[in-house]
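Down below is the structure, laid out as structure tokens.
Chain letters run A, B, ... following the sequence lines, proteins first and then strands; every chain starts at 1.
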Number of protein chains: 2
Amino acid sequence: MEQKEIGVDTRTRGRPRAYDPDVALQRAMDAFWKSGYSGTSLDDIAHATGMNRPSLRAAFGDKRDLYLKALRAYWGFKLATMAKTLAGGTLGEALLRTYDAALTVYFSEEEGARGCFVVGTAITESVDDPEIREIVATGFGALDRLFVDRIAQARDAGELTGDVDPAALAILACGTMQTIALRARAGFARETLWGIAQKAVAVICR
Amino acid sequence: MEQKEIGVDTRTRGRPRAYDPDVALQRAMDAFWKSGYSGTSLDDIAHATGMNRPSLRAAFGDKRDLYLKALRAYWGFKLATMAKTLAGGTLGEALLRTYDAALTVYFSEEEGARGCFVVGTAITESVDDPEIREIVATGFGALDRLFVDRIAQARDAGELTGDVDPAALAILACGTMQTIALRARAGFARETLWGIAQKAVAVICR
DNA sequence: AGGATTTTGTGCGAGATGGAACAAAAAGAA
DNA sequence: TTCTTTTTGTTCCATCTCGCACAAAATCCT
């Protein structure tokens, strides 16, 4: 007995799904990424995903549920990517690799830059929504730890001169990534932002 | 012939205004600052300002016009404040004074932190609105110049050791201010953010 | 084939949102 | 006092937004 290809899962009955949940979630994330949570309507998302609104609700819950799923998915992707790009090579190489990967995400939309999903959308909602605020704060904490650990490793390996505090350098490294994200969304060119990354790394690693 | 106190201006006829335009604009800014542009309705603003919606429109134009006025007013205030806080003393003192003043703004709302008006609201709208995007990019450029000039001044005064690039240090200083703004809105405590500022300054000024 | 289950698609409704119309209120000028 | 001007306040309107109801479609099971 062969499963059909559309909506492949272990369901045994009923009309098959006309969408892939992961693809739909990504499309919804794309819509939110452009216009923010409040500025994106369910019709916008329906159009982006090719699904009708009742189907969206059945699959993901209400608009806020969907946004929370997208936000958590973005954090999962972001932190996993950074764990990889920060590993190996010198600290300078690791940081540049990390900023390059970030730039690729920030410019991953064909019609223009969209920056970071957290900085571009969640920060605006976080004052009014405690759960979003908590997710963002937790994510920032994890981001900090990734930077601190990598920088501490470089210090222990003798890569850094002077009496450096990894936590302090991590703040600068994180701030650099975030100013790049903000500027991407403000229309700065990718090459300009790459130049910013290089300048910051030169100071952090001296 | 004495002017009345309410709605004091040089108008010669008609019913006097029941509001002060500057105060009303500040109240509207407060409302946008909390929930972002798209998340704030005209009724929200009417409530915050004590004005009816037709009066708001007569005074400021439509919702977007009002938001643009608030955004420009914020930039004017922000850059003027920074020009003052960056002047005088050592570079370290100037930077700490600047971050302290920024923190005061970011925590200027009684019920909780609101961060920076640009980072918290304009960044979300900037992908869809070219004029907002332009205002933000111009403001970031002015911010950069303030930092670069102050750091170049400190280098020329012999305050900085080694072969430093003011533009590179300015990126770090700006990134630090922005990560503080993001974190304020994400619920970080003021004392924590002050600690972040101090660590960053210690590295920038070494 | 009929019944059960799951998903899609269409239409409807309540409430929210931004804008407009215009009468009433409050002032100055003649 | 009447007229003119400016502002406020109330009401109405068109459209948008989100949620729901439910019939139809597409599958599996008996």
N/O donor-acceptor pairs under 3.5 Å from side chains in residues 193-206 of chain A, not counting sequence neighbours:
residue  : atom : partner  : partner atom : Å
A/Lys199 : NZ   : B/Asp165 : OD2          : 3.4

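With hydrogens and angles left out, the side-chain atoms of B/Ser38 and A/Ser38 include no donor and acceptor closer than 3.5 Å. A/Thr121 and A/Glu125 are not linked by any side-chain donor-acceptor pair at a separation below 3.5 angstrom, with hydrogens and angles left out of the test.
Near DNA chain D, meaning a heavy atom under 4.0 Å away, the residues from residues 33-47 of chain A are A/Ser41, A/Leu42. Contacts between residues 59-66 of chain A and DNA chain C, defined by a heavy-atom separation under 4.0 Å, are absent.
Remark: B/Lys69 engages no residue in a salt bridge (Lys or Arg N to Asp or Glu O under 4.0 Å) (not counting sequence neighbours). Listed by chain and residue number, A/Ala152, A/Leu160, A/Val164, A/Pro166 satisfy the side chain to side chain contact (heavy atoms under 4.5 Å, CB included) test with A/Arg155 (two or more places apart in sequence, or in another chain). Considering only residues two or more places apart in sequence or on other chains, B/Tyr67 meets the ring pair (Phe, Tyr, Trp, His ring centres under 6.0 Å) condition with B/Phe32, B/Tyr37, B/Phe117. A/Asp44 is linked by a side chain to side chain donor-acceptor pair (under 3.5 Å) to A/Ser41, counting only residues two or more places apart in sequence or in another chain. When the salt bridge (Lys or Arg N to Asp or Glu O under 4.0 Å) test is applied to A/Asp100, the partners found at least two apart in sequence or on another chain are A/Arg190. With sequence neighbours excluded, the residues satisfying salt bridge (Lys or Arg N to Asp or Glu O under 4.0 Å) with A/Arg183 are B/Asp144. Partners of B/Arg72 by salt bridge (Lys or Arg N to Asp or Glu O under 4.0 Å), not counting sequence neighbours, listed by chain and number: B/Glu131.
When rounded to the nearest whole Å, the span between CZ of A/Arg53 and P of D/dC16 equals 12 Å. For the pair A/Tyr19 OH and C/dT7 P, the computed distance is 7 Å after rounding to whole Å. A/Asp20 has its CG atom 14 Å from the P atom of C/dT7, to the nearest Å. Rounded to whole Å, the distance from CG on A/Leu56 to C1' on C/dG9 is 13 Å.
The salt bridge (Lys or Arg N to Asp or Glu O under 4.0 Å) contacts involving residues 20-39 of chain B comprise A/Asp128-B/Lys34, B/Asp30-B/Arg114, where partners must be two or more places apart or lie in separate chains.
Taking 4.0 angstrom as the limit, B/Asn52 places a side-chain polar atom (N or O) nearer than this to OP1 or OP2 of D/dG9. Under 4.0 angstrom from either OP1 or OP2 of C/dT8 there lies at least one side-chain N or O belonging to A/Ser55.
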Strictly under 3.5 Å: I want the nitrogen or oxygen pairs between protein and nucleotides 23-26 of chain D, one per line.
residue : atom : partner : partner atom : Å
D/dA26  : N3   : A/Arg15 : N            : 3.1

